[in-house]
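Following: one structure in structure tokens, then a few remarks.
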Amino acid sequence: MSKILIRGAKVLGGEVQDVLIDGETVAAVGTGLSDEGAQVIEADGQILLPGLVDLHTHLREPGREDSETVLTGTRAAARGGYTSVFAMANTFPVADTAGVVEQVWRLGREHGYCDVQPIGAVTVGLEGKQLAELGAMHDSAAGVTVFSDDGKCVDDAVIMRRALEYVKAFGGVVAQHAQEPRLTEGAQMNEGVVSAELGLGGWPAVAEESIIARDVLLAEHVGSRVHICHLSTAGSVEIVRWAKSRGIDVTAEVTPHHLLLTDELVRSYNPVYKVNPPLRTEADVMALREALADGTIDIVATDHAPHPHEDKDCEWAAAAMGMVGLETALSVVQQTMVDSGLMNWADVADRMSVKPARIGGAEDHGRPVSAGEPANLTLVDPAYRGPVNPAGFASRSRNTPYEGRELPGRVTHTFLRGRATVVDGKLA
């Protein structure tokens with residue numbers, strides 16, 4: 001591998017420094033660095049971050065390659081500044097055995113745009129009735145440590161307790177999709193003023209909050225770790241805040257779209273805004289931003305959910321739930337959290353790299369930008385402003401809620417173990 005000298009970057013948004021990459025590692029960080037044989041990248045005050053880590057990505061392979069594949073999904077991840085993603089288990093077949101998680105893991109290694117860590121299902125077939133092969137998946141080549149039935153809630157309290165007890169033995173974590181199914185039957189959007197006016201079935205906040213309350217108490221009882229996926233309401237924030245004050249080992253994530261978009265957008269009946277959990281109110285959005293800033297919410301995770309055109313270009317009731325997010329996540333976080341003054345770039349590195357890597361056990365990611373560390377890095381131009389054009393996405397799907405919306409920031413370079421996966425905003 002050749003040497004790469006990144007000149008004049010603001011490391012974590014701080015002082016302007018040079019960073020020398022030699023092979024797979026960072027060789028030096030300082031001012032006035034030089035190396036005759038190095039390829040030079042003039043950063044011109046761009047922000048240098050550790051490579052981003054997404055704890056919640058849907059790559060769809062195996063089974064729904066019409067939506068996304070490991071190759072196209074990891075290309076999209078690299079474009080978004082990610083060097084590691086955790087792939088959810090709701091594939092076809094479901095990733096509930098060692099064989100399936102190893103298949104996904106090997107596809108990630110073959111394609112090489114970012115590291116892919118499979119998430120194992122909690123229950124067989126995501127059916128919520130019988131624990132999946134948690135130990136076998138952990139002991140497999142994929143080394144699974146995060147388990148989730150995302151897309152469905154583990155609503156049986158006994159099954160959830162058993163899962164928490166099982167993963168405790170090897171330091172794993174159960175990531176819960178908090179949705180009480182009986183409270184959301186026929187639900188199409190957030191329950192509130194807008195749903196009442198539109199006549200659409202409402203998805204109450206309590207359907208999320210009741211599961212979170214139950215699960216943090218179960219985690220406390222068992223002495224295990226629980227992670228809350230895509231937290232979306234002000235009430236959920238208060239429950240997590242209370243649980244942390246008691247010393248319960250709970251972590252939580254918020255998606256970029258829940259930091260920016262509200263249920264008012266559903267008035268357009270455009271299915272691109274249909275998502276699970278649904279877009280909430282402006283008050284919820286503000287509470288989520290504050291909670292991410294103060295650390296109650298630990299991380300940002302994309303919940304990148306690609307769908308083919310025909311599953312979104314239809315009437316609202318028939319449309320699939322979900323949005324693509326890998327290529328726009330950092331821009332949305334810049335707009336909602338950095339440009340608003342709620343967080344700085346070091347906070348962004350913490351919420352989008354350091355903490356997700358620690359929660360998921362991705363040891364080579366989320367590391368400091370310093371000599372001797374793996375060269376998993378992302379270079380961002382925060383001054384860029386431009387409209388989102390899904391036609392240019394690397395993802396196989398185009399179901400973005402941001403089409404035509406002007407967002408700030410652009411990933412110019414991404415490095416995975418010293419190898420450029422993105423150069424000048426384009427895939428290497």
- Task: Take Q176 and I211, measure what side chain to side chain contact (heavy atoms under 4.5 Å, CB included) needs, and give me the verdict at the end.
- Result: CA-CA 9 Å; Q176 176 67 293; I211 294 294; 3.8 Å; yes

- Item | Carboxylate-amine/guanidinium proximity below 4.0 Å for E197 and R267 | yes

- Message: Quick check: do I228 and T251 have side-chain heavy atoms less than 4.5 Å from each other?
- Response: no

- Query: Hey, are E68 and R60 close enough for a salt bridge, meaning a charged N less than 4.0 Å from a carboxylate O?
  - Reply: no

- Item | Polar side-chain atom of S148 near backbone of A175 as donor-acceptor pair, under 3.5 Å | yes

- For residues H58 and H56, establish whether the separation of their ring centroids is below 6.0 Å. yes

- Query: If we only count heavy atoms from C-beta on, is the Q334 to P408 side-chain gap below 4.5 Å?
  - Reply: yes

- Given salt bridge (Lys or Arg N to Asp or Glu O under 4.0 Å), test R162 with E165 step by step and report yes or no. CA-CA 5 Å; R162 297 291 178 244; E165 288 172 335; 3.1 Å; yes

- Query: Is the shortest distance from a Lys or Arg side-chain nitrogen in E208 or R280 to a carboxylate oxygen in the other one below 4.0 Å?
  - Reply: yes

- List the steps and the verdict of side chain to side chain contact (heavy atoms under 4.5 Å, CB included) for H304 and S395. CA-CA 10 Å; H304 175 80; S395 171; 3.9 Å; yes

- Does K129 pair with D156 as a salt bridge, N-O distance under 4.0 Å? no

- Query: Is there a donor-acceptor contact under 3.5 Å from the side chain of K312 to the main chain of A320?
  - Reply: yes

- Query: So, do H307 and V272 sit near enough that their side-chain heavy atoms are less than 4.5 Å apart?
  - Reply: no

- Message: A side-chain contact here means heavy atoms from C-beta on lying under 4.5 Å apart; do H227 and I299 qualify?
- Response: yes

- Query: Are R214 and D155 ion-paired here, with the side-chain N under 4.0 Å from a carboxylate O?
  - Reply: no

- Query: How far apart are the C-alpha atoms of T83 and H365, what are their side-chain angles, what is the distance that settles it, and do they pass the side-chain hydrogen bond (donor to acceptor under 3.5 Å, both in side chains) test?
  - Reply: CA-CA 8 Å; T83 54; H365 297 270; 3.1 Å; yes

- Item | Whether R182 side chain and A207 backbone form a donor-acceptor pair below 3.5 Å | no

- Task: Output the distance between atom OG (S84) and atom CG (N376), rounded to the nearest 0.5 Å.
- Result: 8.5 Å

- Hey, what do you get for CG (N190) to CD (E264), rounding to the nearest 0.5 Å? 10.5 Å

- Query: Hey, does the side chain of K274 reach the backbone of Q188 with a donor-acceptor pair shorter than 3.5 angstrom?
  - Reply: no

- Would you indicate whether the side-chain heavy atoms of R75 and L71 approach each other to under 4.5 Å? yes

- Note on the structure: What one should report as the nearest heavy-atom pair of A362 and F86 is CB-CZ, 4.2 Å

- Begin with the C-alpha distance, continue with both residues' side-chain angles, and end with the deciding distance and a verdict on salt bridge (Lys or Arg N to Asp or Glu O under 4.0 Å) for E110 and R106. CA-CA 6 Å; E110 288 170 10; R106 288 198 170 92; over 6 Å; no

- Locate the shortest heavy-atom distance separating F393 from T328; write the atom from each residue and the value. CZ-CG2, 4.1 Å

- Please confirm whether the backbone N or O of V422 pairs with a side-chain atom of T414, one donor and one acceptor, at under 3.5 Å? no

- Item | Rounded distance [0.5 Å steps], CG in D364 versus CD in E24 | 9.0 Å

- Query: What orientation do F170 and Y166 show, parallel under 30°, tilted 30 to 60°, or perpendicular over 60°?
  - Reply: perpendicular

- Query: Between atom OG1 of T74 and atom CG of L59, what is the distance when rounded to the nearest 0.5 Å?
  - Reply: 7.0 Å

- Query: Do L49 and L377 have side chains that get closer than 4.5 Å, going by heavy atoms?
  - Reply: no

- Report yes or no: does T184 contribute a side-chain atom to a donor-acceptor pair with the main-chain N or O of E180 at less than 3.5 Å? yes

- Task: Quick one: do R396 and D66 satisfy salt bridge (Lys or Arg N to Asp or Glu O under 4.0 Å)? Show the steps, please.
- Result: CA-CA 8 Å; R396 180 162 281 186; D66 57 330; over 6 Å; no

- Message: If the threshold is 4.0 Å, N to carboxylate O, is there a salt bridge linking K355 and D350?
- Response: yes

- Item | Distance (rounded to the nearest 0.5 Å) between S331 OG and R405 CZ | 12.0 Å

- Item | Stepwise side-chain hydrogen bond (donor to acceptor under 3.5 Å, both in side chains) test for T302 and D54 | CA-CA 7 Å; T302 70; D54 188 19; 2.5 Å; yes

- Apply side-chain hydrogen bond (donor to acceptor under 3.5 Å, both in side chains) to the pair N276 and Q179, showing each step before the final yes or no. CA-CA 9 Å; N276 180 348; Q179 178 192 350; 3.3 Å; yes

- Task: Compare every heavy atom of A329 with every heavy atom of Y82, then report the nearest pair and how far apart it is.
- Result: OH-CB, 3.4 Å

- Check whether any side-chain N or O of H111 sits under 3.5 Å from a backbone N or O of T72 as a donor-acceptor pair, and report yes or no. no

- In Å, rounded to the nearest 0.5 Å, how long is the span from OG1 of T336 to CG of L259? 4.5 Å

- Query: Quick check: does any side chain N or O of E61 sit under 3.5 Å from a backbone N or O of V70, one acting as donor and the other as acceptor?
  - Reply: yes

- Do R64 and T91 come close enough that some side-chain heavy atom pair is under 4.5 Å? no

- Got a donor-acceptor contact below 3.5 angstrom from the N399 side chain to the G322 backbone? yes

- Item | side chain to side chain contact (heavy atoms under 4.5 Å, CB included) between D284 and E282, intermediate numbers included | CA-CA 5 Å; D284 290 311; E282 182 74 15; over 6 Å; no

- Task: Verify side chain to side chain contact (heavy atoms under 4.5 Å, CB included) between V266 and Y269, making sure each step is shown before the conclusion.
- Result: CA-CA 5 Å; V266 180; Y269 287 103; 5.6 Å; no

- Side-chain donor/acceptor of K152 to backbone N/O of G128, under 3.5 Å: no

- Query: When the ring centroid of H230 is compared with that of H177, is the distance short of 6.0 Å?
  - Reply: yes

- Which heavy-atom pair separates A293 from R351 by the least distance, and what is that distance? O-NH2, 2.9 Å

- Non-hydrogen side-chain atoms of V53 and M352 separated by less than 4.5 Å: no

- Message: For V101 versus G120, what's the shortest heavy-atom pair and its separation?
- Response: CG1-CA, 4.4 Å

- In plain terms, say whether R385 and D339 are close enough for a salt bridge, that is, a side-chain N and a carboxylate O under 4.0 Å apart. yes

- Hey, is E15 close enough to K10 for a salt bridge, meaning N to O under 4.0 Å? no

- Query: Which atom names give the shortest non-hydrogen contact between A89 and A121, and what distance separates them?
  - Reply: CB-N, 3.5 Å

